[in-house]
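Counting convention: from 1, in listed order, for ligands and their atoms alike.
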Amino acid sequence: MESSFLLRLVLLASALTLGACTAGCPSTGLKLNFYGSSCPNAEQIVRTIIYKEVEKNPILSAKLLRMFFHDCFVRGCDASLLLNSTSESTAEKDAPPNLSLAGFEVIDMVKEALEQACPGTVSCADTVALAARDSVSFSFGKSLWDVKTGRRDGNVSLLSEALVNIPRPTSNFTTLVQSFANKSLGVEDLVILSGAHTIGVGHCNLFADRLYNFTGKGDSDPSLNPAYAAFLRSKCSPTDNTTAVIMDPGSGLTFDSHYYVNLKQNKGLFQSDAVLLNDGAASKVVDDMVDFGAFLAAFRKSITKMGDIGVLTGKEGEIRKHCRFVN
Ligand code: HEM
Ligand SMILES: *[C@@H]1O[C@H](CO)[C@@H](O)[C@H](O)[C@H]1NC(C)=O
Ligand SMILES: *[C@@H]1O[C@H](CO)[C@@H](O)[C@H](O)[C@H]1NC(C)=O
Ligand SMILES: *[C@@H]1O[C@H](CO)[C@@H](O)[C@H](O)[C@H]1NC(C)=O
Ligand SMILES: *[C@@H]1O[C@H](CO)[C@@H](O)[C@H](O)[C@H]1NC(C)=O
Ligand SMILES: *[C@@H]1O[C@H](CO)[C@@H](O)[C@H](O)[C@H]1NC(C)=O
Ligand SMILES: *[C@@H]1O[C@H](CO)[C@@H](O)[C@H](O)[C@H]1NC(C)=O
Ligand SMILES: *[C@@H]1O[C@H](CO)[C@@H](O)[C@H](O)[C@H]1NC(C)=O
C-alpha cells in the first residue's frame, strides 16, 4: 500500500518534470498545466467560451491567432497588446500595423469568466495564448498543440514598439529574418509561422503596389502569378483600403497546409509571403510544409517557441484584473 503510494509519487514527480520540460526545454519558467491546482478549470473555461464563439463566428480564429503573434513580438507575450491607450501613451493596438486586429471583446469575455472562477489567478497573456490555440483547434474538435502557461502580464504598451517589432507585409527576406532573429526565431520558424496565413484575410492597400505600381512605373510584381494578380486587381482598385481578400484562396477558413501550395504557385498575397521562395533554405522548408502532418508537427514547435518570447514569470509583472488596464 505505502510503497505503491510512493511509487505513484515518484511517477507523478517524473511526469511533472517531463511535462514541464519537453523537447528543447527553454528555461522560461513556463510549464504545462500551470494552473492545475490554482485554477483547475482554467483551460476548460477558455476552451468552452472560445469554441462557442468560433462556432458562431469562424473568422475569429484568424483574429485570435494573429493577436497572439502581435502580442509576442512586442515586449514578449505579456498581453501588452490588450492594453488601451492612456492619456500619457498611445498603445500597441493603436499602431498602424494593428489594421483589423480584433477579438478583444472575446478575450474580455473569457477573462471575466476566469476572474469569476479564480480571481486574480490567470493572466491575460496566458488567456491570449490559450485562446489562439483553442480558436484554431475548434474545427478539429481537439487541441492541436499544447500551451505552456505561467505567463504574467506586463504594464507597458507603446505604439512605437509595435512599429519597430511587427514585420511589414512589404518586408524583404533579409528584414523578415532579422525581425524573427530578434525574437530568437530562425528561418524555419519564419516559414512555418507564416503558414498561419492559411487562415484569414488581408486588406487591398497592403499589397496594391504589387498589382499596380511595383517599382513606381505602373507595373506589377513579376513574382506574382499573373492570373492571380488579375484576380486581385478585379477585387482591389489602386486606392481601395477597405476591401479584404482571403489570403489562402480555396481554403481561407481552414487551418491546413494549402498556404504552401498557393505559395509555390506564386500566389502568396504579401511580398513577405512571396519572398520565402527566394532563399534556398526557406524554399526547402516551404516544400516540406506542403504535407499537412509535417506542417502541424512543425507548427507545434514553432508556435511554442513564439509563446516563450520575452515572457514574464514568477514575481515579474502582474495578473491583470481587466485585460485592457493595468491594475
Ligand atoms: C512573417 C511576418 C508576417 C507578416 C509581415 C504578417 C503580415 C500580416 C498582414 C499584413 C496581415 C493582414 C492584416 C489585414 O490586412 O487585416 C496578416 C494577417 C494575418 N496574420 Fe500575419 N504576418 C506575419 C506573420 C504572422 C504570424 C507569425 C502569424 C501567427 C502565428 C500570423 C497570423 C496572421 C493571421 C491569422 C492573419 C489573418 C488575420 C485576419 O483574418 O484578420 N502572421 N499578417
Ligand atoms: C478601450 O479602447 C477601445 C477602442 O480601442 C474602446 O472601444 C473601449 O471603450 C476602451 N475601453 C475602455 C473601458 O475604456
Ligand atoms: C487601430 O489603430 C487606429 C489608429 O491608428 C485606431 O483608430 C483603431 O481603433 C485601432 N484598432 C483597434 C482594433 O484597436
Ligand atoms: C531590405 O529592406 C531593408 C529595409 O527596407 C533595406 O535596408 C535593405 O537594403 C533591403 N535588402 C535587400 C536585399 O533588398
Ligand atoms: C531588431 O531589434 C533591434 C533592437 O531592438 C531593433 O533596433 C531593430 O529594428 C530590429 N530589427 C528588426 C528587423 O525588427
Ligand atoms: C507610382 O509610384 C510612383 C513612385 O512612388 C509615384 O510617383 C506614382 O504617382 C505612382 N503612381 C500611381 C498611379 O500611384
Ligand atoms: C483610406 O481611404 C480613404 C479614402 O480614400 C482615406 O480618407 C483614408 O485616409 C484612408 N485610410 C488609410 C488608413 O489609408
Ligand atoms: C509595472 O510593473 C512593474 C513590475 O513589474 C512595476 O515596478 C512598475 O511600477 C509598474 N509600472 C506601472 C506604470 O504600473
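Assignment of Pro167 to the shell around ligand 1 is supported, since a heavy atom sits closer than 4.0 Å. Between Ser171 and ligand 1 there is no heavy-atom distance shorter than 4.0 Å. Using 4.0 Å as the threshold, Thr175 has a heavy atom nearer than that to some atom of ligand 5.
Under the 4.0 angstrom criterion, atom 14 (O) of ligand 6 counts as having a protein heavy-atom contact.
At the top of the distance list for atom 4 (C) of ligand 6, counting protein heavy atoms only, stands Gly216 CA, 3.8 Å. In terms of protein heavy atoms, atom 5 (O) of ligand 5 is closest to Asn182 ND2, 4.7 Å. Closest to atom 32 (C) of ligand 1 among all protein heavy atoms lies Ala196 CB, 3.6 Å. In this structure, atom 9 (C) of ligand 1 lies nearest to the protein heavy atom Phe270 CE1, 3.4 Å. The nearest protein atom to atom 1 (C) of ligand 6, hydrogens excluded, is given as Asn213 ND2, 1.4 Å; this is a heavy-atom distance.
Taking every heavy atom of Phe180 and a limit of under 4.0 angstrom, the matching atoms of ligand 1 come to 1 (C), 2 (C).
Residue-to-ligand polar distances keep Pro169 apart from ligand 1: every N/O pair is separated by 3.5 Å or more. Considering backbone and side-chain atoms together, Arg168 places no N or O closer than 3.5 Å to any N or O of ligand 1. Checked by distance only, ligand 1 and Ser194 stay at 3.5 Å or farther apart across all their nitrogen or oxygen atoms.
To the nearest 0.5 Å, the span separating NZ on Lys111 from CD1 on Ile319 amounts to 6.5 Å.
The closest non-hydrogen atom to atom 14 (C) of ligand 1, taken over Gln271, Met247, His203, Met306, comes from His203.
When ring centroids are compared, Phe299 and Phe255 come within the 6.0 Å threshold.
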